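What follows is a single structure, written as structure tokens, with notes after it.
By convention in this document, chain letters (A, B, ...) are assigned in the order of the sequence lines, proteins followed by strands, and residues within each chain are numbered from 1. Here the structure is a predicted model, which is why all the values come from computation and not from measurement.
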Protein chains: 2
Amino acid sequence: MDKRKQILDAALKLFVEYGFHGTPTSLIAKEAGVANGTLFHYFATKDALVIALYVDIKSRMSAYLSEQVEVQKTFKDTIREQYIASVFWALENRLEYRFTEQFKTSPFFAQIAPKEIEESLKPYYDMLNRGISENLIKPQPVDLLFTLISSQTSGLNQYLLNHQFSKTKQHQVISDTFEMLWNMIT
Amino acid sequence: MDKRKQILDAALKLFVEYGFHGTPTSLIAKEAGVANGTLFHYFATKDALVIALYVDIKSRMSAYLSEQVEVQKTFKDTIREQYIASVFWALENRLEYRFTEQFKTSPFFAQIAPKEIEESLKPYYDMLNRGISENLIKPQPVDLLFTLISSQTSGLNQYLLNHQFSKTKQHQVISDTFEMLWNMIT
DNA sequence: TTACAGACTGACTAAACAGTCGGTAAAATT
DNA sequence: AATTTTACCGACTGTTTAGTCAGTCTGTAA
């Protein structure tokens, strides 16, 4: 019954299928089962809808991660938890994942304030800094480390999304690649 | 004087700035300094132009790589050469790199025949297979290894593209991250 | 029970768009 | 030299698009 949500859901599905500009607002409204005008009641412009969708997905992902991940006994275990949760999120939210991948390389991404990005990255940077100061991982710049870890995760996502593995096999690939990641940063 | 090339150049620049559908064909023609109709003389549709641009860039990149990279004394050296050349290509062809990143996550990418993708990947897969059979790298599936290496490269590109480092510093980051990559796959 | 606010509608419009077409000029083929 | 093919032009068009607007419906609270 939440029309705003319905619009966002429809937009997500269609954007992933046809691209941002390849999807007319009229089609989004139709798919969402609302009137054309309703879309513009909730979102001033189409661009605002795209941005709002990204922000919405990012916040849901953050919520998922902080819900799933608890600090573990060791640093390595904590990082592993993070890694696993990130990959699971992508597997369980394929459309959302593909949308964010598309968004991040698009010109829209420039409209996200650098400050907000930095803000959302801070906890990860802090954690990595802790790891460095305790000599648990390589003393490289944290933003480099973070970028490499993220890329690894997205590489793995790509791999898992392109194959249909059983849960067992999935787990095995995830833990194998985590060990590889760990070898990389230590 | 090559109008086809002018159109592709203009399209590249504008697509990176405004996105595929955010760029009207009329603007591409204007930027290229040709008539509107000329664009459609060379490319049947706008979609065809986007695809042609991707194919063109990919082939220029392949040419660059096979020109730069020669087989080295050791397996590790060969992989390092590949790694360095890939990163240099992205640094020297920033627009092209950003375009391909955008393209690969877009719905357009589905229009590239899987066979062609496989074809272009074959030499890399062969090389990795060789490394595995000689016990030089981890015995993981080659497509997984390749995806992880590619992701690493694109992570590094992102890092280097976001910072302005001196040539010396750039080299240092590249060789540091290559050692990390090597630790990952061995 | 009336007054008001905000959710919601869908027909509408002005602008933008991809692609066409009738034509010219130059190059290639005969 | 004649003919055909190709490169190129830019005004034009039918369609599609984002966004508007005048007004209806629904809930709430005075």
Query raised in the report: Between the side chains of B:Glu118 and B:Tyr125, is a donor N or O closer than 3.5 angstrom to an acceptor N or O?
Result: no

Query raised in the report: Just how far, in rounded Å, is P of D:dG19 from CG of A:Leu27?
Result: 16 Å

Query raised in the report: Which of the following nucleotides, D:dG10, C:dT9, D:dA7, is nearest to the side chain of B:His41?
Result: D:dA7

**Report entry** Separation of atom CG in B:Leu39 from atom P in D:dA7, rounded to whole Å
**Finding:** 15 Å

Query - Which nucleotide in C:dT9, D:dT17, C:dC17 has an atom nearest any side-chain atom of B:Pro24 - result: C:dC17

**Report entry** Atom pair distance, as rounded to whole Å: NZ in B:Lys30 and P in D:dG10
**Finding:** 13 Å

Requested in this report: Would you mind reading off the distance between B:Lys5 atom NZ and D:dA7 atom C1', rounded to a whole angstrom?
Outcome: 19 Å

Report task. Round to the nearest Å and state the distance from A:Gln6 atom CD to C:dA7 atom C1'. Result -> 13 Å

Query raised in the report: Quick check: are there more than 12 heavy atoms from other residues, nucleotides or ligands sitting under 6.0 Å from CD of A:Gln68?
Result: yes

Query raised in the report: Just by distance, with hydrogens left out, do A:Thr105 and B:Thr105 show a side-chain donor and acceptor under 3.5 Å apart?
Result: yes

Requested in this report: For A:His21 and D:dT16, give me the distance from atom NE2 to atom P, rounded to whole Å.
Outcome: 19 Å

Query - Nucleotide D:dG19, atom C1' - distance to CD1 of A:Ile28 in whole Å - result: 13 Å

Report task. Name the orientation class of the two ring planes belonging to B:Phe99 and B:Tyr54 (parallel below 30°, tilted from 30 to 60°, perpendicular beyond 60°). Result -> tilted

Query raised in the report: What is the distance, rounded to the nearest whole Å, between atom CD1 of B:Ile7 and atom P of D:dG10?
Result: 13 Å

Report task. May I ask you to check whether B:His21 and A:Tyr18 place their ring centres under 6.0 Å from each other? Result -> no

Query raised in the report: Taking only residues two or more places apart in sequence, or in another chain, which ones meet B:Lys73 in a salt bridge (Lys or Arg N to Asp or Glu O under 4.0 Å)?
Result: none

Restricting both atoms to N or O, compile the protein contacts to nucleotides 19-24 of chain C shorter than 3.5 Å, with distance only.
| unit_1 | atom_1 | unit_2 | atom_2 | d |
| --- | --- | --- | --- | --- |
| C:dG19 | OP2 | B:Lys46 | N | 2.8 |

